[in-house]
Amino acid sequence: MAVYLPKGTRDFLPEQMRTRLFVLDTVRSVFSRFGFEPLETPAFERIETLTGKYGDEGDKLIYKILKRGAGAERGECDQALRYDLTVPLARVVAMNPDLRMPFKRYQTQPVWRADRPQRGRFREFWQCDCDVVGTKSPLAEAECIAVALAALDALGLPGAVIRLNDRRILRSIAVAAGAADKEIPFLICLDKLDKIGRDKVSAEFGRLGLDDAAVAGVWDVLTVPDGHDPALDSLEAALDDAGREGVDTLRAVLDAVGRMGVALDRVQIDPTLARGLDYYTGPVFEISLPAGDIGSVGGGGRYDGLVGMFSGRDVPAVGIALGIERIIMVLEEQGKLSSQRTTADVLVTVFSDEQRNTSLSFATRLRSAGVKTDLYLGEGNLKKQLKYANARGYPNIVIIGPDESERGEVTVRNLDSGEQSKLSAGDAVRSLTHS
RNA sequence: GUGGAUGUAGCUCAGUUGGUUAGAGCGCCGGAUUGUGAUUCCGGAGGUCGCGGGUUCGAGACCCGUCUUCCACCCCA
């Protein structure tokens with residue numbers, strides 16, 4: 001039978017898992033270094049937990065799960081696969097009022113979106129999310145930005161930059177333009193600026209009911225000078241009190257980020273950054289890499305109202321997510337991934353039936369010494385085993401034939417250089433331990 | 001969800017206006033001193049031409065449908 005994967009999903013074969021685990025391990029260790037605690041939640045949630053949080057477009061992309069029994073025949077759904085890691089976190093916080101605030105958690109799990117796949121876009125993909133819950137302090141934003149950049153640094157992507165804006169600034173602009181009741185559509189139009197340009201966005205604003213003067217006013221406010229302070233000063237002068245709160249927050253975030261050791265040219269004020277998700281209330285950010293037109297590799301923002309949607313208890317929160325699929329694509333394109341294709345660092349070959357136990361013992365000894373060791377389990381002569389080792393990409397192999405066996409030696413061969421030497425078993429263990 | 005491309009050996013692709021047994025490179029298997037891969041030489045295996053219909057004396061080539069992958073839109077990581 002013809003067999004293939006569901007659209008937008010992938011198997012991760014061992015060679016790919018190596019890089020995925022490298023990225024995940026790296027990100028998790030950086031998150032831990034900043035004091036974030038691990039959390040996992042179920043793959044699926046009750047459907048009402050997810051709907052109404054992401055906006056109309058987002059809701060359409062939620063993977064729904066049919067009810068069991070008669071409900072399924074009527075097409076009814078009561079559960080759905082998680083769309084992101086932020087809403088499940090808000091649900092967890094609402095259900096666990098005893099959590100000591102501020103609560104900092106990280107979560108690296110797959111999420112699902114019923115999107116049409118494209119380059120760097122899948123229906124099942126992993127997010128690395130870290131959030132600070134329970135404080136309105138702009139230090140929380142600063143930590144999110146700092147930890148995300150630190151994670152990308154650790155992955156070998158020091159060129160990552162964060163664009164920063166605040167929803168209150170955007171709302172203030174929308175209100176001034178007379179679009180107070182159309183804030184979300186206003187944001188969606190604005191978000192397209194990068195792609196379709198100012199003229200087309202202006203035309204869409206017109207369709208929303210903004211007159212020419214209002215549109216001109218919007219561009220006037222959004223056009224800011226370079227540099228953090230000039231940009232923020234310009235916005236401050238143009239906005240109402242509510243918008244100025246956003247400006248003040250961004251000033252505090254920038255100050256704290258600088259004190260956390262982040263180079264300030266890695267954070268850019270971009271008043272046109274909108275982001276689609278409905279739940280953001282304050283600062284929003286998006287992470288871009290200079291190389292490759294791959295879209296953003298991460299994003300986030302403050303969502304002070306989300307927990308309250310579950311518990312009625314307002315709990316402020318802010319978070320950021322890294323998308324590892326896109327990060328891996330960039331790492332691959334830049335050749336920044338290790339070329340080793342096996343987990344084991346050495347393959348112990350089996351010279352003959354007579355020598356099998358000698359090889360087995362030596363492999364065991366290597367493993368005890370902490371060397372990642374594979375023992376050849378197939379059939380075949382030495383030549384075949386060498387070809388196998390070469391194809392699999394082991395850095396080293398060990399050969400123990402009758403000659404070596406007699407003298408208590410083993411041959412260690414490096415497959416990259418082709419160099420080999422006969423060593424005593426103890427020296428061989430030491431040599432492989434340090435290779 | 002909308003629009004556009006794509007699908008031929010394990011992989012990357014050729015395949016002329018429809019015409020005999022469908023090709024190449026790489027890979028794979030075997031051999032070239034039976035204790036040495038990756039290099040070289042020789043030989044070999046391997047294809048329901050995505051799937052299902054249709055047109056035709058004849059379809060890998062044309063038409064319809066369907067699925068896959070990819071690109072753009074939408075939105076996002």
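Chain naming here is simple, since letters A, B, ... match the order of the sequence lines and numbering starts at 1 in each.
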State, with a plain yes or no, whether a side-chain heavy atom of Gln107(A) is found less than 4.5 Å away from one of Thr41(A).
-> yes
Can you tell me which stems RNA chain B forms, taking runs of 3 or more consecutive Watson-Crick or G-U pairs with both distances under 3.5 Å?
-> B:1-5 with B:69-73, B:10-13 with B:23-26, B:28-32 with B:40-44, B:50-54 with B:62-66
Could a donor-acceptor pair under 3.5 angstrom be found where the side chain of Glu404(A) meets the base of G35(B)?
-> yes
In terms of the angle between their ring planes, are Trp219(A) and Phe205(A) parallel, tilted or perpendicular, with boundaries placed at 30° and 60°?
-> tilted
Taking G35(B), G37(B), C71(B) as options, the one with an atom nearest any side-chain atom of Leu386(A) is G37(B)
Distances under 3.5 Å between protein N/O atoms and the N/O atoms of nucleotides 38-46 of chain B, please, pair by pair.
unit_1 : atom_1 : unit_2    : atom_2 : d
A38(B) : O4'    : Asn390(A) : ND2    : 3.0

Ring centres of Tyr303(A) and Tyr279(A) under 6.0 Å apart?
-> yes
No-H, no-angle donor-acceptor pair, Arg116(A) side chain to G3(B) base, under 3.5 Å = yes
With distance as the sole criterion, do the side chain of Arg326(A) and the base of C76(B) form a donor-acceptor contact below 3.5 Å?
-> yes
Looking at the side chain of Gln118(A), which of U36(B), C73(B), A77(B) is the nearest nucleotide?
-> C73(B)
Interatomic distance, CD@Glu332(A) vs CD@Gln16(A), rounded to 0.5 Å, equals 8.0 Å
Heavy atoms under 4.0 Å, any strand shown: does Gly380(A) hit a base, just sugar-phosphate, or nothing?
-> nothing
Please determine, for the side chain of Arg121(A), which listed nucleotide (C70(B), C75(B), G35(B)) has the closest atom?
-> C75(B)
Contact class for Leu277(A) (heavy atom, under 4.0 Å): base, sugar-phosphate, or nothing?
-> sugar-phosphate
